[in-house]
Amino acid sequence: MLDSITAVPVRTTDRVAEIAWFCDLCGGDTEFLGQLDPTRRSSFAHCRDILLMAERKGFKNILLPTSYVVGQDPLAFASALSQLTTDISLLVAIRTGEYHPPMLARIISTLDHLLEGRLTINIINSDLPGYKEEGPLRYQRCSETIEILRQGWTQDRVVHDGPVYGPLNLSSQPVKPYQQNGGPLLYFGGIADGAREVCAQHCDVFLMWPEKEESLYATMQDVSARAARHGRTIDFGLRIHVVVRETEAEARAWTRHLMSRFDAGQAEALKQRTQDGKSLGVLRQDAMRQEADDEGFVEPILWTGIGRARSGAGGALVGTPDQIIRQLNRYMDMGIRSFVFSGYPLLEECELFGQLVLPHLPNVRLADVQGRRPATTPETPLTFGTLSY
């Protein structure tokens, strides 16, 4: 634990945070880690119910992940749920390279209008399914995609010439978003130098996975300094699991329940089915788990057992509402301005967290704080703006 905390430079200077939940578009929702649960499969109905529960509880955003597994495509799912929601924003994960950037920009424009500005984008630069790609190619493709999106959102024309997508010279009229002042916020995660540099130069929120406070703080200092070299500030987010109960004994008992049917072989197979099972970030999660005590705790309420059965974020905050809130306040003191929570099972834990913790947090929508989401209908080619061809 850090002895003293001084916030790193961030874009959102007010001590607030966007509190988000996680939706099960990629499968894996379960009552027992390492076990597939047919009663909680990633169907449209199950994912819809999780999202609508999060909206009812007051979460300001929800992550819709992407992977080549049985489940829901995030763009298609977001389009459907845009018509069933009125307040919650959707953090839609998009793997760069799966769509031609101008057409991706057009999809985002459509979705942003359907949601009336309640859209945020999680940029993913991992391998395309079925391929093993070199890091420099992925980061170059990612950078070019973001540059094309940004031009479409902020300029009259998209004028681009890069090694991945070549020369482009297009009107930006077909891709204008509903959101103003730069378009939808871009969230980005990745621990490698290339990933940190892409986020520092192009994105708005750097998403991290659970680590010890000292490690999180060092990463934030590094990425904040990189952004400053580009004349920018960014915000920081934390994607983490949570187990909250009225007593610490009850919370810890639930971690044992989650692991009570754990099968190491099946858990490893589940962990490696996604495109990030061997990523540097996952390896760092594995390394953190080696430092944990016999019960899997690496800090007083940071439990690492989750990472034994899934890739991605491998740690959970486990404790009472007061303990969880105290730790989140420490993270906010460091400069974290966005949290993406989850817990197993997703529907039940969303309700518990929404009841016991969420009302006590300074919950905001970052797109509102940063002036992206207009208060009234903006003038765009899809609303009442002048059409030109």
Side-chain angles (χ1 to χ4, degrees), residues 17-37 40-42 46-67 69 71-72 74 77 88-93 120 122 124 187 189 205 207-211 237-245 251 254-255 257-259 267 270-271 274 276 281-282 285 296 301-319 321 324 327-328 331 336 338-358 361 363:
E18 179 180 83
I19 311 301
W21 196 247
F22 175 87
C23 203
D24 189 41
L25 272 63
C26 294
D29 192 13
T30 184
E31 187 176 341
F32 303 99
L33 290 176
Q35 299 289 320
L36 289 173
D37 188 344
R40 294 183 173 89
R41 70 181 67 231
S42 183
H46 183 56
C47 295
R48 176 203 61 203
D49 290 348
I50 294 168
L51 195 153
L52 295 180
M53 170 67 77
E55 180 171 61
R56 286 196 299 273
K57 287 301 184 182
F59 289 88
K60 291 299 183 184
N61 209 345
I62 187 164
L63 174 58
L64 308 183
T66 185
S67 188
V69 295
Q72 305 297 306
F77 181 79
I88 196 169
S89 292
L90 308 185
L91 177 52
V92 179
T120 49
N122 181 198
I124 308 292
Y187 297 58
V205 180
L207 275 178
M208 302 174 290
W209 288 342
E211 294 193 59
L238 182 61
R239 164 79 184 99
I240 192 167
H241 304 274
V242 65
V243 177
V244 61
R245 296 294 186 272
W254 189 253
T255 67
H257 177 84
L258 288 171
M259 301 299 294
L270 289 171
K271 187 172 178 177
T274 62
D276 66 355
V282 172
Q285 298 286 284
I301 67 167
L302 180 57
W303 180 60
T304 63
I306 294 278
R308 295 179 65 189
R310 72 184 307 281
S311 64
L317 297 178
V318 177
I324 301 292
Q327 184 60 53
L328 297 181
Y331 290 146
I336 292 177
S338 170
F339 295 97
V340 181
F341 294 109
S342 58
Y344 294 113
L346 283 162
L347 193 64
E348 291 87 336
E349 294 299 318
C350 178
E351 186 168 20
L352 277 168
F353 188 91
Q355 174 186 338
L356 297 174
V357 178
L358 187 58
L361 300 175
N363 188 14

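We number each residue from 1, following the sequence as shown. For the numbers below, each heavy atom of this structure counts, side chains included, while hydrogens, waters and symmetry mates do not. It should be emphasised that the depicted structure is a prediction, and the values quoted were computed from it without experimental measurement.
- Between C350 and M53, the shortest heavy-atom distance links the atoms SG-CG, 3.6 Å.
- With values rounded to the nearest 0.5 angstrom, L52 atom CG is found 13.5 Å from K57 atom NZ.
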**Message:** For a side-chain contact (heavy atoms from CB on, under 4.5 Å) check, start with the C-alpha distance between F32 and H257, then their side-chain angles and the critical distance, and finish with the verdict.
**Reply:** CA-CA 7 Å; F32 303 99; H257 177 84; 3.4 Å; yes

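- Counting only heavy atoms from C-beta outward, the side chains of F22 and H241 never approach each other to under 4.5 Å.
- Here the side chains of D24 and L347 are not in contact, with every heavy-atom distance at 4.5 Å or above.
- S89 contributes atom OG, which lies 11.0 Å from atom CD1 of I62 (distance to the nearest 0.5 angstrom).
- Shown here for A93 and I124, the closest heavy-atom pair between the two residues is CB-CG1, 4.2 Å.
- For the atom pair I324 CD1 and L358 CG, the distance stands at 13.0 Å (nearest 0.5 Å).
- A distance of 6.0 Å separates SG of C23 from CG of L64, quoted to the nearest 0.5 Å.
- Within the 4.5 Å cutoff, no side-chain heavy atoms of S42 are placed close to those of C26.
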**Prompt:** Hey, mind stepping through L328 and I19 against side-chain contact (heavy atoms from CB on, under 4.5 Å) and telling me if it holds?
**Reply:** CA-CA 11 Å; L328 297 181; I19 311 301; 5.8 Å; no

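- Here the side chains of L317 and V243 are not in contact, with every heavy-atom distance at 4.5 Å or above.
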**Message:** Under the criterion side-chain contact (heavy atoms from CB on, under 4.5 Å), I'd like the reasoning laid out for Y344 against D29: C-alpha separation, chi angles, the key distance, then a yes or no.
**Reply:** CA-CA 6 Å; Y344 294 113; D29 192 13; 3.8 Å; yes

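- Residues passing the ring pair (Phe, Tyr, Trp, His ring centres under 6.0 Å) test with Y331, sequence neighbours excluded: none.
- The two residues A20 and F59 have their closest heavy-atom pair at C-CD2, 3.7 Å.
- Every ring pair (Phe, Tyr, Trp, His ring centres under 6.0 Å) that F341 has, sequence neighbours left out, goes to F339, F353.
- The two residues V242 and A316 come nearest to each other via the heavy atoms N-CB, 4.1 Å.
- Counting only heavy atoms from C-beta outward, the side chains of L33 and I306 approach each other to under 4.5 Å.
- Legend: residues meeting salt bridge (Lys or Arg N to Asp or Glu O under 4.0 Å) with D37, ordered by chain and number and at least two apart, are R40.
- Annotation for W254 and E349: closest pair NE1-OE2, 3.9 Å, computed over non-hydrogen atoms.
- A distance-only check finds no donor-acceptor pair linking the side chain of N122 to the backbone of L91 [under 3.5 Å].
- Residue W21 is tested with L63, L346, V340 for a side-chain contact (heavy atoms from CB on, under 4.5 Å); the sole match is L346.
- Once rounded to the nearest 0.5 Å, the distance linking CG of N363 with CD of E18 reads 8.0 Å.
- Using a distance-only test at 3.5 Å, with no hydrogens or angles considered, a donor-acceptor pair links the side chain of T120 to the main chain of L90.
- A donor-acceptor pair under 3.5 Å is absent between the side-chain atoms of T30 and the main chain of L36, judged by distance alone.
- Rounding to the nearest 0.5 angstrom, the gap separating the CH2 atom in W209 from the CD1 atom in I240 is 13.0 Å.
- Proximity of R56 to E351: side-chain heavy atoms (C-beta onward) are nowhere separated by under 4.5 Å.
- Heavy-atom neighbours of R41 CZ from other residues, nucleotides or ligands within 6.0 Å: at or below the threshold of 12.
- Nearest heavy-atom pair across P210 and A313 is CD-CB, 3.7 Å.
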